[in-house]
Number of protein chains: 2
Amino acid sequence: MSLPHAILTALLEKPSSGLELTRRFDRSIGYFWSATHQQIYRELGKLERAGFIRALPSEQPARGQKKEFEVLPAGRAELTGWASGEQESKPIRDALLLRLRAAAVVGRTGLDEELRRHLGLHRRQLAEYEEIEGRDFGAAAEPADRLRRLVLRAGIGLETFWVAWLEEALAEVEEMAAGEDPAGTADADAGGRPGE
Amino acid sequence: MSLPHAILTALLEKPSSGLELTRRFDRSIGYFWSATHQQIYRELGKLERAGFIRALPSEQPARGQKKEFEVLPAGRAELTGWASGEQESKPIRDALLLRLRAAAVVGRTGLDEELRRHLGLHRRQLAEYEEIEGRDFGAAAEPADRLRRLVLRAGIGLETFWVAWLEEALAEVEEMAAGEDPAGTADADAGGRPGE
DNA sequence: GACAGCATGTAACATGTTACATGATTCA
DNA sequence: TGAATCATGTAACATGTTACATGCTGTC
């Protein structure tokens, strides 16, 4: 139940059309909550029917015509309630970690290239976040900007972690390849299973 | 498309029934790929129909009777292909960050308590991971265990990050409360919007 | 008027969540 | 025999993904 609240937040920051929202979900908000345009249009319809948002009156009701939405008081109240309550964070769900665990059982063919590729991606993302921080956030500003900067710093911290972990993982995998299994393709045994 | 592969990995590590899998998805594998028993049973059905796994022959086909599964060669091949190919990691999706961003617009009522609560949860999770590392992984072992340890170290790194970030966020939010907005409940304005 | 690009959608399907249903086993 | 627990499932719905459909606007 977070996409509607992401949309309400974005619309409070600035009334927008579906496509404008889609673009903002590719940057900004999208850095920690992504959504496709199909999801956004579907959700805009629901929010409108629920009375949380309304289309800005601009006479065109037709398909292919731009349609801007703004948040109504009920929508702001809904968002306030959601933001101030309790909510558990979901456990980690990461396919790369899963694949590492699979590689422990079926062999680590191609693993080092994949780790290197991800390392490159995360380094690029980290650089992008750091550029945004340098460009948009200078000295301590008003509360709203300080909160947005905290969010950005979470992104920076996470990417920093991934870069460090991937470097560690790559070193470990290369050391394993240099060691007892020159081909690096043999299946590992299934005995022991610590970590259960 | 990761749950079937998570199940194949788990079954290769050890043939299991649906309920046993469910339990392992609450520890171990579940630390980076969670699943409920309903998902697991549904997926076991699909994997069986696809010829990737089979029920161990033990005569009982009835409801309420334990049913153990093992991976067939086709299943192992499927997993090997999935683990050795390319695959993008999904962008971050974190509701707490989204709520921080919402708080920048609708006010930060209750935010500090929520941050403290999450800090406690992440500290506990970190301690659990560290205990597992100390208990199950000693000196460098065989390749399979070294890979599993790498996965665990990702969990440790992520929790370490969250603890550090939450401490930073809490300090910042408390400083904001001590500053220009004693009540801490007023709405922030919507002007500026850096980070777009 | 043809085409590119903008803008809004529909449809079908996969995955994840929540609530509930049913049968087997054990033990008081 | 009745309650607790183990074990396997169904149903309904919410959310996310992929592919496609339709109408508008500007420009060559």
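By convention in this document, chain letters (A, B, ...) are assigned in the order of the sequence lines, proteins followed by strands, and residues within each chain are numbered from 1.
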A/Lys67 NZ to D/dG23 P: how many Å, rounded?
16 Å
Could you give the CZ-to-P distance, from B/Phe25 to C/dT17, as a whole number of Å?
13 Å
Position toward the 5' end of DNA chain D (nearest nucleotide), B/Glu20 or B/Arg93
B/Glu20
Which nucleotide in D/dG9, C/dA7, D/dC6 has an atom nearest any side-chain atom of A/Lys66:
C/dA7
According to side-chain contact (heavy atoms from CB on, under 4.5 Å), who are the partners of A/Tyr129, at least two apart in sequence or on a separate chain?
A/Tyr31, A/Gln125, A/Leu152, A/Ile156, A/Glu159, B/Ile92
With distance as the sole test, does B/His5 use its side chain to make a donor-acceptor pair with the main-chain N or O of B/Glu78 at under 3.5 Å?
no
Among residues 81-90 of chain A, which residues get a heavy atom nearer than 4.0 Å to DNA chain C?
A/Lys90
So the ring pair (Phe, Tyr, Trp, His ring centres under 6.0 Å) pairs with at least one residue in residues 89-115 of chain B (sequence neighbours excluded) are none
Would you mind classifying the nucleic acid contact of A/Ser17 as base, sugar-phosphate or nothing, using non-hydrogen atoms under 4.0 angstrom?
sugar-phosphate
Name all residues meeting the side-chain contact (heavy atoms from CB on, under 4.5 Å) criterion together with A/Leu3; count only those two or more places apart in sequence or in a different chain, and write none if there are none.
A/Ile7, A/Phe25, A/Trp33, A/Ala35, A/Gln39, A/Glu43
Taking only residues two or more places apart in sequence or in another chain, which ones pass side-chain hydrogen bond (donor to acceptor under 3.5 Å, both in side chains) with B/Thr36?
B/Gln38
Salt bridge (charged side-chain N to carboxylate O under 4.0 Å, His left out) contacts touching residues 112-122 of chain B (sequence neighbours left out):
A/Glu86-B/Arg117, A/Glu88-B/Arg117, B/Arg99-B/Glu114, B/Asp112-B/Arg116, B/Glu114-B/Arg117, B/Arg116-B/Glu174
Separation of atom NE2 in B/His5 from atom P in C/dA14, rounded to whole Å
15 Å
State which residues pass ring pair (Phe, Tyr, Trp, His ring centres under 6.0 Å) with A/His122; sequence neighbours excluded, sorted by chain then number.
A/Trp162
Enumerate the residues from residues 33-51 of chain A whose closest heavy atom to DNA chain C is under 4.0 Å, giving them by residue number; use none for an empty result.
A/His37, A/Gln38, A/Tyr41
Separation of atom CD1 in A/Ile7 from atom P in D/dG16, rounded to whole Å:
10 Å
Between C/dG9 (C1') and A/Phe69 (CZ): distance, integer Å:
11 Å
How close or far is atom C1' of C/dG16 from atom CG of A/Leu3, stated in whole angstroms?
15 Å
Check whether any side-chain heavy atom of A/Arg27 sits under 4.5 Å from a side-chain heavy atom of A/Glu128, and report yes or no.
no
Could I get the full list of salt bridge (Lys or Arg N to Asp or Glu O under 4.0 Å) partners for B/Glu133, not counting sequence neighbours?
B/Arg149, B/Arg153
